[in-house]
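Structure record follows, encoded as structure tokens.
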Amino acid sequence: MSVYETYKKSFWGPTIAWKRLFTKPVTIKIPKVYREAAERYRGFHINDLELCSGCSTCSKICPTDAIKMVPVDTEVEVGKKAQRPAIDYGRCSFCAMCVDICTTGSLKMTREYIHVSDDPNTFFFIPDETGIHQQEIHQGYQRDEDSELLDLERVEMTEIPAEERINSFIEYVKGYSKEQAISEAARCVDCELCVDACPANMDIPRYIESVFNNDTAKGVDWIYKTNPLPGVCGRVCTHKCETVCSIGHRGEAVAIRWLKRYIMDQESEEDIIRHARENIVKKGTGKIAIVGAGPSGLAAAYYLSLMGYDVTIFEAKNLPGGVMRYGIPRYRLPDEALDKDINVIKALGVKIKCNTSVGKDITLNELKEKHDAVFIGTGFTLGRSSEIQGSDHKDVLLALPLLEKIRNYLRNPEESRKPPVPDSLLVIGGGNVAMDVARSIVRLQRLEGKEANVKITSLESMEELPADLEEIVEGREEGIQFFPSRGPKEVVIENGKVKGLKTVACTRVFDEKGQFNPIFDESNVMLIDGEMIVEAIGQAPDYAYLPDELKNKLEFIKGRLIVNEKGQTSIEWLFAGGDIVSGPDIIHGVADGHKAAVGIDEFLNREEE
Ligand SMILES: Cc1cc2nc3c(=O)[nH]c(=O)nc-3n(C[C@H](O)[C@H](O)[C@H](O)COP(=O)(O)OP(=O)(O)OC[C@H]3O[C@@H](n4cnc5c(N)ncnc54)[C@H](O)[C@@H]3O)c2cc1C
Ligand code: SF4
Ligand code: SF4
Ligand code: SF4
């Protein structure tokens, strides 16, 4: 007899079910005796909604599609999405993979296993800390070492060891190999939390995916959509994206910056140029002048030329790049990486007129007469001095001119003036610029066969130092000594020579409102030795190129220009970006330049009223 025949409908079919009427049911509505579930029981979920970042990794892994991300009314903050997982217990198989992969560790299971309701909607809910019944929670299954689904450890980057790297200005971060890059890319869970944290909103998960798929050419395409300085950013970006990376909640953030560098290092300049040319989108007809070949000016130029505009950058120095060329030391950013990025921009037809200082060699008004719009990205080019007694001594220097001298000398020793290499140096300042000066001078001392003797003093305590942690750690490895929580009082000069810096204790840098408002203990005095002192306490803009009649029409706040969301100043043909607008880093400059390029295009194509 076939299976069909066994079950084929009969006249008595509908009544067959009645014979089950008096048999004991297999399922029961509510057990008569409630039994406490085992400790690692996989009952209903709980979720710490404050800790949960809304990354949706739980939802992506769920094999039964039981988790939906639903919008929640929460304050939007960088590194979190305004959504939380809701679980459908009609689908959930209690496999706990969501708990095993939860990036923050907020999602757990309870020992609760009974839920009786006639309303099917109650079986689909957003778990919070009180669970499905808002009662005392008995925690059930939790992830352990064996069930960890994330790879929490970063693939280590190869670096030249400190004792070796201080003998030269060679780039000490070596970059990932193909195997290392693919392993690192595999750690990404594609949650996109990093995208909002990146000022340029780079599509990070997509270019990381391209590394994983061993398709770096595609990665280049993704990267150039929002960043035409990727070789630079792959090395020295402040990588704010990594501070919000999901994996960083319980482990080490994905090395987003190094993966970008990996992609760019795989592709030749010619291939990148070919890719860039494929992206030319339309034929604009205007002429645009850009003042300053720093990150913001170069980014604006790139995107404007993609739109078909005739772009000329006017740059005061003899090479383009701004701080990337004259500030950031070569051991972090070699000229070759910067040149590769700039060559792509030039290949699109962008003209760069170096040795042309706007305000001296050509006026801003002249630029306006010859162009349809002007973008200014002139940066913070002036160093700041503490102006304490003795700071006008010839051996008390400002950070920026010294760094520029060092880079020029290393680039072209025959034709540049040699930077001073003191037996002992004291740097005032606790930021990355101070670290750049200190680490550069250590290298120069070693190259001259001297002992490394560099000190840094700062108002901030070691915990408060604004410099990146990796800079502090690496600086220490290179022999730099720190004198934190000290305020500079006077440069001590003996027999016409700098002997050191008289300092007093700084007991507080910021007040209760977080404002810079230092307090000193004048009775606690210390002399810190150093035959040369460098002040690295901040930079300022130089607006000397702005004629008064234009300056009066512009709006400033704390020395920075106010622009609208398209980078346009209160003078309609004048756009601005970079440090003079936002700062504090390269990627903000890139984002500003891109935004302004779109703004200029809209301005030139606006419908006249
Ligand atoms: C020592 C140092 C280290 C830094 N390290 C990092 C880092 O590791 N990572 C990071 O992200 N950021 C870093 N920064 C910050 C970063 O470099 C800046 O935020 C960024 O370069 C600002 O870009 P910008 O477009 O404003 O132009 P800038 O880089 O400031 O360049 C401005 C350009 O305009 C030119 N210019 C100025 N006036 C005129 C004029 N009148 N006519 C013609 N040209 C003119 C200048 O010569 C210069 O080339 C560092 C800054 C310093 C000082
Ligand atoms: S326990 Fe398993 S089936 Fe249930 S929601 Fe989590 S991942 Fe999905
Ligand atoms: S994986 Fe964890 S942090 Fe991410 S949405 Fe799910 S519960 Fe929240
Ligand atoms: S890099 Fe980190 S934050 Fe960005 S998508 Fe990957 S896991 Fe998420």
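Counting convention: from 1, in listed order, for ligands and their atoms alike. In this chain, residues are counted from 1 in sequence order. Everything numeric in this text was worked out from a predicted model, so none of it was measured.
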Counting heavy atoms only, name the option from [options] that's nearest to [atom].
| atom | options | answer |
| --- | --- | --- |
| atom 27 (O) of ligand 1 | Gly292, Cys237, Pro295 | Pro295 |
| atom 38 (N) of ligand 1 | Asp542, Leu400, Thr378 | Thr378 |
| atom 3 (S) of ligand 2 | Ser93, Cys102, Pro63 | Ser93 |
| atom 5 (N) of ligand 1 | Lys317, Arg332, Met324 | Arg332 |
| atom 31 (O) of ligand 1 | Gly589, Cys233, Gly322 | Gly322 |
| atom 43 (C) of ligand 1 | Ala316, Gly577, Pro541, Ser440 | Ala316 |

Looking at [atom], what's its closest protein heavy atom, distance included?
| atom | answer |
| --- | --- |
| atom 46 (C) of ligand 1 | Glu315 OE2, 3.5 Å |
| atom 51 (C) of ligand 1 | Val323 CG1, 3.4 Å |
| atom 13 (C) of ligand 1 | Ile328 CD1, 4.2 Å |
| atom 18 (C) of ligand 1 | Asp579 OD2, 3.4 Å |
| atom 2 (Fe) of ligand 2 | Cys95 SG, 2.3 Å |
| atom 8 (Fe) of ligand 2 | Cys62 SG, 2.2 Å |
| atom 15 (C) of ligand 1 | Pro584 O, 3.4 Å |
| atom 4 (Fe) of ligand 2 | Cys92 SG, 2.3 Å |
| atom 9 (N) of ligand 1 | Val236 O, 2.7 Å |

Task: Cation over ring face, Arg411 and Tyr326, 6.0 Å, 45° - done: yes

May I ask you to check whether [X] has an N/O atom sitting below 3.5 Å from an N/O atom of ligand 1?
| X | value |
| --- | --- |
| Val358 | yes |
| Asp436 | no |
| Gly321 | no |
| Ile586 | yes |

- [ ] Check ligand 2 against Ile67 and write out every atom of the ligand that is under 4.0 Å from a heavy-atom position of the residue.
- [x] 5 (S)

TODO: Any atoms of ligand 2 less than 4.0 Å from a non-hydrogen atom of Met109? List them with their elements.
DONE: 1 (S)

Task: Side chains of Trp573 and Val374 in contact at under 4.5 Å (non-hydrogen atoms) - done: yes

Task: From Arg332, Arg235, Arg165, Arg330, residue fulfilling side-chain hydrogen bond (donor to acceptor under 3.5 Å, both in side chains) relative to Glu171 - done: Arg235

Any idea which atoms of ligand 1 are less than 4.0 Å away from a heavy-atom of [X]?
| X | result |
| --- | --- |
| Tyr545 | 41 (N) |
| Ser296 | 24 (P), 25 (O) |
| Val433 | 1 (C), 2 (C), 52 (C), 53 (C) |
| Phe314 | 43 (C), 44 (N) |
| Gly377 | 27 (O), 32 (C), 33 (C), 34 (O) |
| Ser357 | 42 (N) |
| Gly379 | 26 (O), 30 (O), 32 (C) |

Open item on the list: Tell me whether atom 6 (Fe) of ligand 2 has Cys98 as a neighbour, meaning an N, O or S atom of it below 2.8 Å.
Closed with: yes

Nearest-0.5 Å distance that lies between atom [atom1] in [X] and atom [atom2] in [Y]:
| X | Y | atom1 | atom2 | value |
| --- | --- | --- | --- | --- |
| Arg443 | Ile170 | CZ | CD1 | 10.5 Å |
| Asn318 | Asn408 | CG | CG | 6.5 Å |
| Leu338 | Leu298 | CG | CG | 8.0 Å |
| Leu561 | Phe556 | CG | CZ | 4.5 Å |

TODO: Decide if the gap between the ring center of Tyr224 and the ring center of Tyr302 is smaller than 6.0 angstrom.
DONE: yes

Indicate, as side chain, backbone, both or neither, the part of [X] found under 4.0 angstrom from ligand 2 when only non-hydrogen atoms are considered.
| X | value |
| --- | --- |
| Val99 | neither |
| Arg42 | neither |
| His45 | side chain |
| Ala96 | backbone |

Can you tell me which portion of [X] lies within the under-4.0 Å heavy-atom range of ligand 3? Options are side chain, backbone, both, or neither.
| X | answer |
| --- | --- |
| Met69 | side chain |
| Ser106 | side chain |
| Ile101 | neither |

Counting only heavy atoms closer than 4.0 Å, does ligand 1 sit against the backbone of [X], its side chain, both, or neither?
| X | value |
| --- | --- |
| Leu403 | side chain |
| Pro320 | neither |
| Val291 | side chain |
| Tyr326 | neither |

Open item on the list: Can you classify the ring geometry of Phe44 versus His133 as parallel (below 30°), tilted (30 to 60°) or perpendicular (above 60°)?
Closed with: perpendicular

Open item on the list: Angle between ring planes, His45 versus Tyr89, binned at 30° and 60°: parallel, tilted or perpendicular?
Closed with: tilted

Task: Over all atoms of both residues, closest heavy-atom pair of Ile46 and Glu129 - done: CG2-O, 3.8 Å

- [ ] Please find out if atom 2 (Fe) of ligand 3 and some N, O or S atom of Cys58 are separated by less than 2.8 Å.
- [x] no

Before accepting this row, confirm whether a basic side-chain N of the pair [X]/[Y] lies closer than 4.0 Å to the acidic partner's carboxylate O.
| X | Y | result |
| --- | --- | --- |
| Glu404 | Arg325 | no |
| Lys595 | Glu565 | no |
| Glu75 | Lys81 | no |

Open item on the list: Before you tell me yes or no, could you show the steps for Arg439 and Glu474 under salt bridge (charged side-chain N to carboxylate O under 4.0 Å, His left out), namely the whole-Å CA-CA distance, both residues' side-chain angles and the distance that decides it to 0.1 Å?
Closed with: CA-CA 9 Å; Arg439 296 179 70 182; Glu474 288 166 0; 3.3 Å; yes

Open item on the list: Which residue is it: Leu425, Val454, Ile428? I am looking for the one with a side chain to side chain contact (heavy atoms under 4.5 Å, CB included) to Val534.
Closed with: Leu425

